[in-house]
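Below: the structure, in structure tokens.
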Amino acid sequence: MPMNVKALIGLLFAPLLIPLSAQTDPVVKMEEVTVDSPRVANHDPAGTFAMPVSALRFDPRADVQARNLAEGQADVSIRGGTFENTGFKLGAATLYDPQTGHYAAEIPVAPNLLSSPQVLTGVENAFSGLNSSVGTVAYAWRPITNSGQMSVSGGEYESNRQAIYQGYSQRIGQGDARFGADVALDRSESAGSVPYGDHRFYRYNGRLQLVTDAGQTDFMAGYQSKFFGWHNLYTPFGVNETEDLQTTLFTLNHRKNLDGGDYVQVGAFWRRNKDDYEFNRFIPGLYNPYQHTTWVTGVSAEGRSSFEQAGYALSYSASMMADSLKSTSLVYGRFRHRDYYKATLIPERSWKLDGSDDLIVKAGGSFDDTNKDSSAFSPVVEVSTLTKLAGKGVRRFYLSYAQSTQVATYTALNSSRTSGLFRGNPDLGRSRSHNVEFGTSMPLGEWKAGAAVFWRSDRDLVDWTYRLSSSAARTADVVDVDTTGFEAFLSRNWNWLNIVFGYTVLSKDATYKTPNVDASFYALNYPKQRFTAAFVAHLGGGFELRMDNEARIQQDNILRSGSSDALISALGISYRPPAMSSLTLNAQVDNLWNSTFQEVPAVPAGRRLLTFGATYAW
């Protein structure tokens, strides 16, 4: 159904029309034990407990394409890339799922332990990413404080969740060092907003931390179990499918901060992901058991050293990673073990210009290799200017070129080429992504603004496609894609209102290397236009309203039922009683307008969900 533009504008700006008292009550500042992304309003979902992906649902720089809940199974794409092109990073460690990028966001860590997510693209992704050719979502480890909270909620479709977090921090001796420990326990279940869309989630986290004025060391152990069902979860054949995932993660990270923004950071991790997928939940093992276990071990180091008197600086990073696969169905490829290596050096030279301007030139590159694939050198160049604005921040302009590469995952490499639901190709090689962009960030009066124009050329990109004449659910095909895009962001904070706007325009030109491709699940599933708007309104009297909005015009796809236009919103209202400031009562609605838009073609949308909850913090 076509969107009414006037109605859309009215809905997006609805929070601005709410009458506010001329003298609003002061907002009570509690000890924060949840992480707030500055780009979204609702950081927790209505249907389950928050996961690292939750803060990306309405982020203007990330596109979360969900099956069931975003926290159930969600593909995260950046700038029109695919789910395989996006990496995730905790501290120095770049996490990876070698079976499929569908599970890259399976990070068993409570957001309470993490900083706000940062979306890295272009030169930043070339420096920080590993086997992620378009973008990386990066999190830092949050310092532990003496604080805690407990929350419960329940609502439609027998939905209920419980969560508890406790942090402890203690000074060691008379110095600046502090020892900290925290634990987070979360549980969630629901019958689902559609038949056989049920879920049962559990997550357990424990962390030890040492903090000094010079740096921070974190050791974290996490486990997460997720069972969920959905109609057409991965196939377009009208079947009720299920996924059962268990993810275990151990990670150690140390960061030392140096003068002038320099730093050194090292990290290591061990991750195991077990997956039991059922094509038909009523006939377990139909066609194939589809049971997989992957193990990944990785170490990474990165840093920056500057030599101010000479005007030089050097950014450097190195990563090594080893994986292993055990599978009942991914048995047709050439290997099930692979080692990955990456090293990056980016020298930097700066010059003082007239007044408060600086000119900065970066030129370097990355070397990627595995013990199974060809190696590649990827150059990086950036020219930027920085202008310090008295009392208002910094204005930056930049022009950059960055190349990144990646290799295919085991689902694409080791699925049968000629039979089964998912058809692979053991001969898939290294894909390359070339990104050119011009961008800026600056204050505009009381506003903060940023914009970028970019052109990306992806060569030998692996996409999953559909053919009307085939019995396969999807096939791994190679495609060359040229993407042209523009993105812009605008934000401002008042005492009573915070707002963030985002706008993205994308255009693609694709050439597949194989004939008779009828539909693309991922590479050509992108918004031609996407507008996001986040509002946080402090209404006075202890009330607060949070609203996230996304309007999009999607590229047409023959697999998608219904409209290619969508308006999706999440609304949260909370009340903190003045006489009991530790308690917060809330009501939250996801999919406020009950949109039926299929974020992944042929995968039904979740219905509107209303829940009520309470949080007690100490």
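Only this structure's heavy atoms are used, side chains among them; waters, hydrogens and symmetry mates stay out. The first residue in the sequence is number 1, and the count goes up from there. Only a predicted model underlies this, so the values are computations on that prediction, with no experimental measurement involved.
At least one cation-pi condition fails for Arg423 and Tyr332: the charged atom is not both under 6.0 angstrom from the six-membered ring centre and inside a 45 degree cone around its axis. Geometrically, Arg474 does not engage Tyr466 in a cation-pi contact defined by less than 6.0 Å to the ring centre and at most 45° from the axis. With a 6.0 Å cutoff to the six-membered ring centre and a 45° limit on the axis angle, Arg200 counts as a cation-pi contact of Phe227.
Not less than 6.0 angstrom separates the ring centroid of Tyr223 from the ring centroid of Tyr202. The ring of Tyr196 has its center no closer than 6.0 angstrom to the ring center of Phe228. Here His102 and Phe83 bring their ring centres to under 6.0 angstrom of each other. Separation of the Tyr277 and Tyr234 ring centroids falls under the 6.0 Å cut-off.
Side-chain contact between Thr251 and Trp141 is present, with at least one heavy-atom pair separated by less than 4.5 Å. The shortest distance between side-chain heavy atoms of Phe597 and Arg552 falls below 4.5 Å. Looking only at side-chain heavy atoms (C-beta outward), Gln588 and Phe612 stay at 4.5 Å or farther from each other. Side-chain contact between Asp323 and Leu325: absent, with no pair of heavy atoms (C-beta onward) separated by less than 4.5 Å. In this structure, the side chains of Arg61 and Ile78 stay at 4.5 Å or more apart for every pair of heavy atoms.
Between the side chain of Arg334 and the main chain of Pro426, a donor-acceptor pair closer than 3.5 Å is present. Side chain of Ser416 to main chain of Ser419: a donor-acceptor pair is present (N/O by atom type, distance under 3.5 Å, no hydrogens or angles). Side-chain atoms of Asn414 come within 3.5 Å of backbone N or O of Phe335 as a donor-acceptor pair. The closest donor-acceptor contact from the side chain of Asp458 to the backbone of Leu461 lies at 3.5 Å or more, if one exists at all.
Take Asp198 and apply the salt bridge (charged side-chain N to carboxylate O under 4.0 Å, His left out) test, not counting sequence neighbours, and it matches Arg281.
The two residues Ala110 and Ala184 come nearest to each other via the heavy atoms CB-CB, 3.8 Å. Contact between Ser133 and Gln406 at its shortest, heavy atoms only, is OG-OE1, 2.7 Å. Nearest heavy-atom pair, Ser431 versus Asp460, reported as atom, atom and distance to 0.1 Å: CB-O, 3.1 Å. Heavy atoms only, all atoms of each residue included: Thr584 and Ser574 are closest at CG2-CB, 3.8 Å. Nearest heavy atom pair, residue Ala534 against residue Asp548, reads CB-OD1, 3.4 Å.
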Query - Test salt bridge (Lys or Arg N to Asp or Glu O under 4.0 Å) applied to Asp182 and Arg207, step by step - result: CA-CA 5 Å; Asp182 58 1; Arg207 178 174 56 146; 2.7 Å; yes
**Report entry** CA sep, side-chain torsions, deciding dist, call: Glu278, Asn240, side chain to side chain contact (heavy atoms under 4.5 Å, CB included)
**Finding:** CA-CA 9 Å; Glu278 294 291 352; Asn240 290 306; over 6 Å; no
Report task. Show your working on side chain to side chain contact (heavy atoms under 4.5 Å, CB included) between Gln555 and Tyr526 and close with a plain yes or no. Result -> CA-CA 6 Å; Gln555 174 68 27; Tyr526 66 96; 3.3 Å; yes
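Distance CD/Gln162 to CG/Leu185: 11.5 Å, rounded to 0.5 Å. Within the model, atoms NZ of Lys226 and CG of Leu69 stand 9.0 Å from one another, a figure rounded to the nearest 0.5 Å. A distance of 11.0 Å separates NZ of Lys326 from CZ of Arg272, quoted to the nearest 0.5 Å. Between the CG atom in Asn557 and the CG atom in Leu524 there is a gap of 8.0 Å [rounded to 0.5 Å]. Rounding to the nearest 0.5 Å gives a distance of 10.5 Å between CZ of Arg271 and CE of Met321. Interatomic distance, Asp276 CG to Leu245 CG, rounded to the nearest 0.5 Å: 9.0 Å.
For the residue pair Asp186 / Gln224, no side-chain donor-acceptor distance below 3.5 Å is found, with atom types taken as modelled. Side chains of Ser188 and His199: a donor-acceptor N/O pair is present below 3.5 angstrom, by distance only. Using a 3.5 Å distance cut-off with no hydrogens or angles, the side chains of Arg161 and Thr48 do not pair a donor with an acceptor. Checked by atom type, the side-chain pair Gln99/Asp275 shows a donor-acceptor distance below 3.5 Å. Checked by atom type, the side-chain pair Asp463/Ser520 shows a donor-acceptor distance below 3.5 Å.
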